[in-house]
Amino acid sequence: MLARLLALALLLAGPLAPGLALAQAETGFSRSLTRVVLREAFEAIIERHLEVAAPEEMALWSLRGLGAVDTGLTAEVQGGLLRLYLGGALLAEAPLPSSALAPQGRPDLAAREPAEQLGETLSRLYAQAWAHSPQLRRAGMERLIQAGFDEVFNHLDPYSRYITAEEAWEARQRRVGQSGLGLRVASGPRGSVVVAALEAEGEARRAGLREGDTLLAIDGIPVSARRITQAAELLEGPPDTQVRLSLRRGNQRLTLVLRRPSEVLRSLRTDVLDGILWARISVFSAVTTEQLAEALNNAFAAPGPPRGVVLDLRGNRGGILTQAMGVADAFLNSGVVAQSAGRHPDARRVWQAGGSDLAQSRPVVVLVDGRTASAAEIVAAALGDRGRAVVVGSATLGKGLIQIVVPLPNGAEVLISWSRVLAPLGWPVQGLGVIPALCTSLGLEATQQALQQLGQGASPMQPVLDRARRARAPVPASEVVALRAACPPAEERDLDQQAARALIDNPAAYRTALNP
């Protein structure tokens, strides 16, 4: 746990409610607990987040976040003071927190004092907001704290977030195992989240969900395309539990309750067709590497071993990072699988392959699409960069940040993006995503032409791949747009499988695509 110091006393000026009235209004609000929660969370953010943020900026962002619960609450900085208003009237003000100097190479020391100041100052101002805002009291203490962190993380990155104690417990259950509801979500019009696909025999279809339905909230938590990964995670949970979906269908608003299946989702599905082992990984769970190793060993121990392997990562938004490393390792004998880099010394790592190629040097094709994210992108990048597999499909999502989970005294957690993933050749996954060696998102005719060129020893994607592999973080936005435009993100299609089969059937085309 992060180091703790005694709280620093800061004097607040400005109008205060009488002591008795304040105590009565603070029923349900614990300033001492809020202070320590804020202190420990901000210490982790200041010390470990990938980007540097000034404590005075985070103080203002946090206070402004309360406006998401009560729009009458506003905040500003004036004359070196942080000021809180309700309906234009000043409630309280406090000196701005500031950074503290610390010995070089000791980010922990640099984080402590400003974190203490943030905890003390914001807890005092939160108490004033709670005392004077009926909306905040109705929303509750957890929602108040969450609103403050939501605004802070809105300024930092799309994936860091604060989750309540209940959400943290559910997240821990999801890390143990997932149950599938038989639906997939995607970004819809105007930042919405829509139901993109339904399994024919899945629980979602049986409950009456339809493709194109707009999801408004999951278990009461609003969802948006900006954090679509969170929406997908909220759908998961322990077997035999319920999830409540609020949705819009045309002009109707509906609520559906779905029950997750009693059997834990198997993250790997395999099939052997025409001498090719097709292995689809839907998510990287705690047993994915074990399942894949078993499938590969069984397949290649059979009398007629596969002539190639297709690793299908389409729609896979990630999961347990170490499992992704294990999956990549299953196809590599040695060398770098991935790297990570961040401000904190512990965020810098290099993962090495240390096993053996369980596919026995047979051709490998990795299928990706615009929903392939995070740990799944790490696998595709590793096998593509190392020349072990040909990546086929479209540009992936581009989620290449690693989060560290910091537990808090109230049972909640903060997930902090503290390092960025680098492919073996050093380019960043974040923003760029993985660019395929054979692009299918440009349509059938373009794919056929590309296959023909590959068979003749030329790779149409070579200039784009070379340019992407030379990229270094932070990559300019214009460069990201230009590179991804060469193979725009798209959802999976039958053409992906056809292209994979064509490559395995044509060794010359496969070799060219493997090493463009």
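Scope of the values below: all heavy atoms of this structure, side chains included, with no hydrogens, waters or symmetry mates.
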Q117 and F42: CA distance, side-chain angles, deciding distance, side-chain contact (heavy atoms from CB on, under 4.5 Å) verdict: CA-CA 10 Å; Q117 295 177 25; F42 278 114; over 6 Å; no

Stepwise side-chain contact (heavy atoms from CB on, under 4.5 Å) check, D70 with L86: CA-CA 9 Å; D70 184 343; L86 177 60; 3.9 Å; yes

Might you work through the side-chain contact (heavy atoms from CB on, under 4.5 Å) test for V257 and V243, ending with a clear yes or no? CA-CA 6 Å; V257 177; V243 58; over 6 Å; no

Full working for side-chain hydrogen bond (donor to acceptor under 3.5 Å, both in side chains) between S417 and S160: CA-CA 6 Å; S417 295; S160 295; 3.3 Å; yes

Step by step, work out the side-chain hydrogen bond (donor to acceptor under 3.5 Å, both in side chains) result for T288 and Q323. CA-CA 6 Å; T288 300; Q323 291 293 312; 4.6 Å; no

Trace of the salt bridge (charged side-chain N to carboxylate O under 4.0 Å, His left out) decision for D312 with R280: CA-CA 4 Å; D312 192 346; R280 179 155 196 163; 3.5 Å; yes

Quick one, E120 with R39, criterion salt bridge (charged side-chain N to carboxylate O under 4.0 Å, His left out). Give me CA distance, side-chain angles, the key distance, then yes/no. CA-CA 8 Å; E120 178 68 20; R39 183 188 70 201; over 6 Å; no

So L66 and W130, side-chain contact (heavy atoms from CB on, under 4.5 Å) or not? Walk me through it. CA-CA 10 Å; L66 305 187; W130 180 274; over 6 Å; no

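No more than 12 heavy-atom neighbours from other residues, nucleotides or ligands sit within 6.0 angstrom of CZ on R253. Remark: E290 CD is loosely packed, at most 12 non-hydrogen atoms of other residues, nucleotides or ligands lying under 6.0 Å away.
Proximity of a side-chain donor or acceptor of T372 to a complementary backbone N or O of D369 within less than 3.5 Å is detected. Proximity of a side-chain donor or acceptor of N316 to a complementary backbone N or O of A376 within less than 3.5 Å is not detected. In terms of modelled atom types and a separation under 3.5 Å, the side chain of Q339 and the main chain of P424 share a donor-acceptor contact. In terms of modelled atom types and a separation under 3.5 Å, the side chain of E377 and the main chain of K399 share a donor-acceptor contact. In this structure a side-chain-to-backbone donor-acceptor pair under 3.5 Å is present from T34 to S30. Checking side-chain atoms of S374 against main-chain N and O of G318 turns up no donor-acceptor pair under 3.5 Å. In this structure, the side chain of R48 does not engage the main chain of I416 through any donor-acceptor pair within 3.5 Å. With R137 contributing its side chain and A131 its backbone, the two residues share a donor-acceptor pair below 3.5 Å. Remark: the backbone N or O of R349 is paired with a side-chain donor or acceptor of S340 at under 3.5 angstrom. Within the 3.5 Å criterion, the main-chain N or O of H49 finds a donor-acceptor partner in the side chain of R343.
Contact annotation: the side chain of L60 approaches that of L82 to within less than 4.5 Å [non-hydrogen atoms, C-beta and beyond]. Contact check for R317 versus R371: no side-chain heavy atoms found under the 4.5 Å cut-off. Contact of the L38 side chain with the Y126 side chain is registered, since non-hydrogen atoms from C-beta on lie closer than 4.5 Å. Contact check for V421 versus Q430: no side-chain heavy atoms found under the 4.5 Å cut-off. You'll find the side chain of P428 reaches within 4.5 Å of the side chain of V475, heavy atoms only. Using a 4.5 Å cut-off on side-chain heavy atoms (C-beta onward), L367 and L311 make no contact. Using a 4.5 Å heavy-atom threshold, the side chains of L81 and L96 count as separate. M58 is listed as a side-chain neighbour of I45, based on a closest heavy-atom distance under 4.5 Å.
A92 approaches Q128 most closely through the heavy-atom pair CB-CG, 3.9 Å. E142 and Y162 make their closest contact through OE1-OH, 2.8 Å (heavy atoms, listed as atom of the first residue, atom of the second, distance). For the pair A490 and S394, the tightest heavy-atom approach, listed with the atom from each and the gap, is N-OG, 3.0 Å. When every heavy atom of V391 is checked against every heavy atom of A380, the shortest pair comes out as CG2-O, 3.7 Å. Closest approach of L122 and S62 over heavy atoms only: CD1-OG, 3.7 Å. Here the closest non-hydrogen pair linking G319 and A375 is N-CB, 4.0 Å.
Shown are L245, L254, V195; of these, the side chain to side chain contact (heavy atoms under 4.5 Å, CB included) with D213 is made only by V195.
Ring geometry, W418 versus H344: the interplanar angle falls from 30° to 60°, so the pair is classed tilted.
We find the CG-CG distance between L91 and L84 to be 4.5 Å, quoted to the nearest 0.5 Å. A distance of 8.0 Å separates CD in Q135 from CG in L73, rounded to the nearest 0.5 Å. Rounded to the nearest 0.5 Å, atoms CZ (F149) and CG (L144) are 10.5 Å apart. We find the CG-CD1 distance between L408 and I163 to be 9.5 Å, quoted to the nearest 0.5 Å. Rounded to the nearest 0.5 angstrom, I402 CD1 and L415 CG are separated by 13.0 Å. In this structure, NE2 on H155 lies 5.5 Å from CH2 on W61, to the nearest 0.5 angstrom.
D329 and W351 share no donor-acceptor pair across their side chains, judged by distance under 3.5 Å alone.
A salt bridge between E51 and R420 is present, with a side-chain N of the basic residue lying under 4.0 Å from a carboxylate O of the acidic one.
Pairs of residues two or more places apart, or lying in two chains, that qualify as salt bridge (Lys or Arg N to Asp or Glu O under 4.0 Å) and include a residue from residues 76-87 are R83-E93.
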